[in-house]
Number of protein chains: 2
Amino acid sequence: MTVMTADRTQAAGAGDEAVTPTPGDVTELILQDIMAGILAPGSWLKQIDLERRYGCTRQEVRRALDRLAQKRLVQHVPNRGYHVHAPDGRQASEIAEIRLILEIGVAGRIVLNAGAPDVAQLRHLANEFDRLVLEGTLMELYEANLAFHSALLALAGNRELVELVTDIRRRTSSAPVSQWRTRARIEQSGREHHQMIAAIERRDGDALKDAITHHILQR
Amino acid sequence: MTVMTADRTQAAGAGDEAVTPTPGDVTELILQDIMAGILAPGSWLKQIDLERRYGCTRQEVRRALDRLAQKRLVQHVPNRGYHVHAPDGRQASEIAEIRLILEIGVAGRIVLNAGAPDVAQLRHLANEFDRLVLEGTLMELYEANLAFHSALLALAGNRELVELVTDIRRRTSSAPVSQWRTRARIEQSGREHHQMIAAIERRDGDALKDAITHHILQR
DNA sequence: GGAACCAAAATTGGCGCCAATTTAGGGCAA
DNA sequence: TTGCCCTAAATTGGCGCCAATTTTGGTTCC
């Protein structure tokens, strides 16, 4: 009983997936469907439906719902069930504010750390985003945007930061559709990506901050 | 054979305590014990031990462990169990960096928003901290410090931010003991609290930023 | 004497059943 | 017809049992 033994056998990461009707984690699948708008904000997530939809067991569903509730993506009402959280305007703007502070806060570091290969990588991701504006789905666009911003933040040399921002981003984007209303705005986002890259190449931290500000506040 | 059902009678065994009918959430209890250092970093958390220690069922333990694993406070190794995560130096400094960026980022807003009652409230919390330096336990001190910083951040008018920082703070402080090594450093922290308050009263955003920087980086 | 091997105990993790609670529907009375 | 209540169906949530895997301890062989 009690504790001890700091036996440190390092956990093998184990990226096991595939095989069997259960591809990976049900949490991820439900999350994707929420993001895609298939599971609309406000709708009730009946365990029996999810069970059938994803071909998994009841307890897997319950664990997934509990995790999503911890992340604030769904809300739990005891003896009633779980429903998709509908983020209000206040929360959305507060989270935008946090993103702004963080990304502005590391802009200087990004400019300092970025080398030629990093810039090339960013440019590749920005181009991928532009391509998907024409040819991709909204979901692919969302992923590409996330990839660009993750790569950008990674240049600050703070891994925790990348994960943190990825997490809080998800809190507002129950349905990414609601974010990017018009195609004009999406194309504008694409141009802003290239503005950021240009600022990084010029080692112009202030210009990068401006570009990020416009990009996040979308105005 | 199987002993005890959900029988609330305290298990004899080792002289454990924590005998509550079911206080609320087991997650919180385990968290407290991790923070208190009772469950040391690196130690394995056997489900059967926790079950007995907190007088709860197996599945409550499992849910709590899963939640703590989501929050990165414990690590899960399939078929081996959960052990308390031992944060490395890199992660600790990265999280300090994030806190720094966020708190500096809202320093201006805090100075603008803080009214006389807010300052009085902060001063009360700072005094409470000072009092506990002499009379309280390390755990109480930790709580008081958290209360001060939460109140400070709340002045920025961003509720999400308060919760976010509270969350990431926990990630490094598996054992708060490791943070505040010397009493001299703790007393220094107390003085810095008052420096921050003074800066807020003078509406001096830059002074507040300096004070926060020294406080977080502890140098 | 040491290492590899095998059997027994301990631990984790999953599955299914069933009780508690909530929701839906139909009948009865005003 | 409208409103209320009571019963039946649906849903959530908890608990115990058992299979799979790992760890421990003892034994044998080199």
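Throughout, protein chains are lettered first and strands after them, A, B, ... in sequence-line order, and every chain is numbered starting at 1.
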dG13(C) phosphate, OP1 or OP2: any side-chain N/O from His76(B) under 4.0 angstrom?
yes

In whole angstrom, give the distance that lies between atom CD1 of Ile48(B) and atom P of dC15(D).
16 Å

Atom CD of Glu51(A) and atom P of dA10(D): how far apart are they, to the nearest Å?
15 Å

Classify Leu65(A) by what it touches in the nucleic acid, base, sugar-phosphate, or nothing, heavy-atom distance under 4.0 Å.
nothing

In whole angstroms, the gap separating C1' of dT11(C) from CG of Asp49(B) amounts to 11 Å

Phosphate OP1/OP2 of dG14(D) contacted by Thr57(B) side-chain N/O (<4.0 Å)
no

Roughly how many Å is it from CD in Gln47(B) to C1' in dC17(D), rounded to a whole number?
15 Å

Atom NZ of Lys46(B) and atom P of dT22(D) are separated, to the nearest Å, by 15 Å

Residue Arg63(A), side-chain heavy atoms: nucleotide from dG14(C), dG13(D), dG14(D) that is nearest:
dG14(C)

Quiz question: by atom type and distance under 3.5 Å, do the side chains of Gln32(A) and Glu28(A) form a donor-acceptor pair?
no

Using heavy-atom distances to pick each residue's nearest nucleotide on DNA chain C, tell me which of Asn79(A) and Gly81(B) is more 5'.
Gly81(B)

Considering just the side-chain nitrogens and oxygens of Arg58(B), establish if one lies under 4.0 Å of OP1 or OP2 belonging to dT11(C).
no

Whole angstrom is fine here: how far is it from CG in Asp25(A) over to P in dG14(C)?
11 Å

Please state how far atom OH in Tyr82(B) lies from atom P in dT22(D), giving the value in whole angstrom units.
16 Å

Does the side chain of Glu60(A) reach to within under 4.5 Å of the side chain of Tyr54(A), using non-hydrogen atoms?
no

Taking atom CZ of Arg170(A) and atom CG of Leu68(A), what is their separation to the nearest 0.5 Å?
9.5 Å

With a non-hydrogen cut-off below 4.0 angstrom, is Gln59(B) in contact with a base, only sugar-phosphate, or nothing?
base

Distance criterion of 3.5 Å, no angle test: do you see the side chain of Arg62(B) paired donor-to-acceptor with the base of dG14(C)?
yes

Which of Glu140(A), Glu128(A), His193(A) passes side-chain hydrogen bond (donor to acceptor under 3.5 Å, both in side chains) with Asn145(A)? It is His193(A)

Sidechain N-carboxylate O distance under 4.0 Å for Lys71(A), Asp167(A)
no

Short side-chain N/O contact to dT23(C) OP1/OP2 from Arg80(A), under 4.0 Å
yes

Here the distance between atom P of dT11(C) and atom CZ of Arg52(B), to the nearest Å, is 8 Å

